[in-house]
Amino acid sequence: MSNASFELLKQRILRDGKCLEGGILKVDSFINHQLDPELLEQMSVEFIRRFAKVKFNKILTIEASGIAPAIMLGFLLHLPVVFAKKKKPSTMDHMLTTQVFSFTKNRTYDVCCSRDFLCPGDKVLFIDDFLANGNAAKGIIDLVQQAGAEVVGMGFLIEKSFQHGGDYLRAQGIQVESLAVIKSLNNCTIEFA
C-alpha cells in the first residue's frame with residue numbers, strides 16, 4: 001500500500017479496531033459491519049495498483065464481509081463481482097459447492113456458487129476482508145478449480161500473518177496482496193509487521 005494509504009488504514013485499525021482474546025481483531029465500525037466508503041475506495045485504488053499487471057475478468061468474494069470491498073473494486077474497474085454464498089439457495093441450479101471452516105464463528109459452512117457466474121476460462125481475483133488461516137481462500141480455490149477457471153490473485157484488507165494462511169497461499173504460487181499485515185495480537189496488543 002502506498003505509505004499514506006497504509007498509514008491511514010493502520011491508524012484506523014489502531015484507533016477503532018478492537019482486539020479480543022484468541023487472536024480476534026474486530027474492525028466492525030469501519031470495514032465489516034458499519035462501512036467507511038471513502039476508506040474502502042482508497043483500499044480498492046491500492047488493489048488496482050498492486051494487481052495492475054494481472055489480467056482478470058471477474059472479482060470473487062465470499063459473503064458477507066468481503067462483499068463491500070469487492071463491490072467497490074468492481075465498481076472502479078467496471079467488472080462483475082460474484083460472491084460465494086454460505087447457504088445453498090433452493091433456486092440455484094448448476095451449483096458448485098465446497099466446505100469452509102470459519103475461524104471466527106468456529107463452524108463449517110457449505111459454500112456455493114452458480115456455474116452460471118463462475119465459468120471455464122474465467123480469470124478470477126479474490127477479495128476478502130481478512131486472511132487468517134486461509135480457509136475461505138482455500139475453499140474459493142476449490143470452487144474456482146471446479147469451474148475450470150483460474151485464481152490469478154488474492155487481495156485482503158487485513159492479514160493476520162501469525163495464523164499462516166498467507167504463507168500457504170504464497171507457497172501455492174498465488175499473488176497475495178494484503179494491505180495491512182498484523183504480526184501479533186498477543187496480550188490484545190495490535191502489532192504490525
Run the side chain to side chain contact (heavy atoms under 4.5 Å, CB included) test on Phe83 and Ile71 for me, step by step, so that the C-alpha distance in whole Å, both residues' side-chain angles and the decisive distance to 0.1 Å come before the verdict. CA-CA 10 Å; Phe83 67 90; Ile71 286 177; over 6 Å; no
I'd like to know if Leu8 and Ile48 are part of one continuous hydrophobic network [Ile/Leu/Val/Met/Phe/Trp/Tyr, side-chain heavy atoms within less than 4.5 Å]. yes
Linked, directly or transitively: Leu76 and Leu125 (ILVMFWY side chains, under 4.5 Å): yes
Are Leu73 and Val81 packed together at the side-chain level, in the sense that at least one heavy-atom pair is separated by less than 4.5 angstrom? no
Full working for side chain to side chain contact (heavy atoms under 4.5 Å, CB included) between Val82 and Leu118: CA-CA 8 Å; Val82 177; Leu118 193 54; 5.6 Å; no
Indicate yes or no: at least one non-hydrogen side-chain atom of Phe130 is less than 4.5 angstrom from one of Phe156. no
Compare every heavy atom of Leu157 with every heavy atom of Pro69, then report the nearest pair and how far apart it is. CG-CD1, 4.0 Å
Under 6.0 Å from the CD atom of Gln11, do we count more than 12 heavy atoms belonging to anything else shown? yes
Side-chain heavy-atom pair Leu9, Met43 within 4.5 angstrom cut-off: yes
Roughly how far, to the nearest 0.5 Å, is the CZ atom of Phe117 from the NE2 atom of His94? 10.5 Å
Got Ser102 and Tyr109 here, is their nearest side-chain heavy-atom distance under 4.5 Å? yes
Any donor and acceptor pair, going by atom type alone, linking the side chain of Asp36 with main-chain N or O of Glu38 inside 3.5 Å? yes
Can you check whether Val27 reaches Ile158 side chain to side chain, under 4.5 Å on heavy atoms? yes
Closest approach of Met154 and Ile174, non-hydrogen atoms and distance? CG-CG2, 3.9 Å
Looking at Phe30, I want to see if its CZ is surrounded by more than 12 non-hydrogen atoms of other residues, nucleotides or ligands under 6.0 Å. yes
Non-hydrogen side-chain atoms of Val144 and Phe126 separated by less than 4.5 Å: no
More than 12 heavy atoms from other groups under 6.0 Å of CZ on Phe75: no
Lys183 charged N/C atom sitting above Phe192 aromatic ring, 6.0 Å / 45°: no
With rounding to the nearest 0.5 Å, note down the distance linking CG in Asp128 to CG in Asn32. 9.5 Å
Are Leu25 and Leu39 in one and the same hydrophobic cluster, where Ile, Leu, Val, Met, Phe, Trp and Tyr link if side-chain heavy atoms are under 4.5 Å apart? yes
Out of curiosity, does Leu14 fall in the hydrophobic cluster containing Val181 (side-chain heavy atoms, cut-off under 4.5 Å, transitive links)? no
How many angstroms lie between SG in Cys113 and CD in Gln146, if you round to the nearest 0.5 Å? 10.0 Å
Keeping the roles fixed (side chain from Gln163, backbone from Ala132), state whether a donor-acceptor pair exists under 3.5 Å. no
Do any N or O atoms from the side chain of Glu63 and from the backbone of Lys86 form a donor-acceptor pair under 3.5 angstrom? yes
Ignoring hydrogens and angles, tell me if any N or O in the side chain of Glu46 forms a donor-acceptor pair with the backbone of Leu179 under 3.5 Å. no
Between the CD atom in Gln172 and the CD1 atom in Ile141, the distance rounded to the nearest 0.5 Å is 6.5 Å
State whether the side chain of Ser178 and the backbone N or O of Ala180 hold a donor-acceptor pair below 3.5 Å, judged by distance alone. no
Is the NZ or CZ atom of Arg170 positioned over Tyr168's six-membered ring, under 6.0 angstrom from the centre and within 45° of the axis? no
Closest contact, heavy atoms only, Ala68 versus Leu40: CB-CD1, 3.9 Å
Pair Thr189, Asn186 - check side chain to side chain contact (heavy atoms under 4.5 Å, CB included), show working. CA-CA 6 Å; Thr189 301; Asn186 290 341; over 6 Å; no
Please report the interatomic distance CE(Met95) to SG(Cys112), rounded to the nearest 0.5 Å. 5.0 Å
For Asp16 and Ile13, indicate whether the former's side chain and the latter's backbone hold a donor-acceptor pair under 3.5 Å. no
Show the nearest heavy-atom pair for residues Lys58 and Cys119, with the distance to one decimal. NZ-SG, 4.3 Å
Which heavy atom of Lys160 sits nearest to which heavy atom of Gly23, and what is that distance? NZ-O, 2.7 Å
Derivation of the side chain to side chain contact (heavy atoms under 4.5 Å, CB included) call for Val176 and Leu131: CA-CA 10 Å; Val176 176; Leu131 171 57; 4.1 Å; yes
Looking at every heavy atom in both Ile127 and Thr61, which two are closest together, and how far apart are they? O-OG1, 2.6 Å
Quick check against the 3.5 Å criterion: does Asn57 have a side-chain atom that pairs as donor or acceptor with the backbone of Lys123? yes
Between Val152 and Phe51, is any pair of side-chain heavy atoms under 4.5 Å apart? no
Here the gap from Gln99 atom CD to Asn135 atom CG, rounded to the nearest 0.5 Å, amounts to 11.5 Å
Side-chain ion pair, Asp28 and Lys18, N-O less than 4.0 Å: no
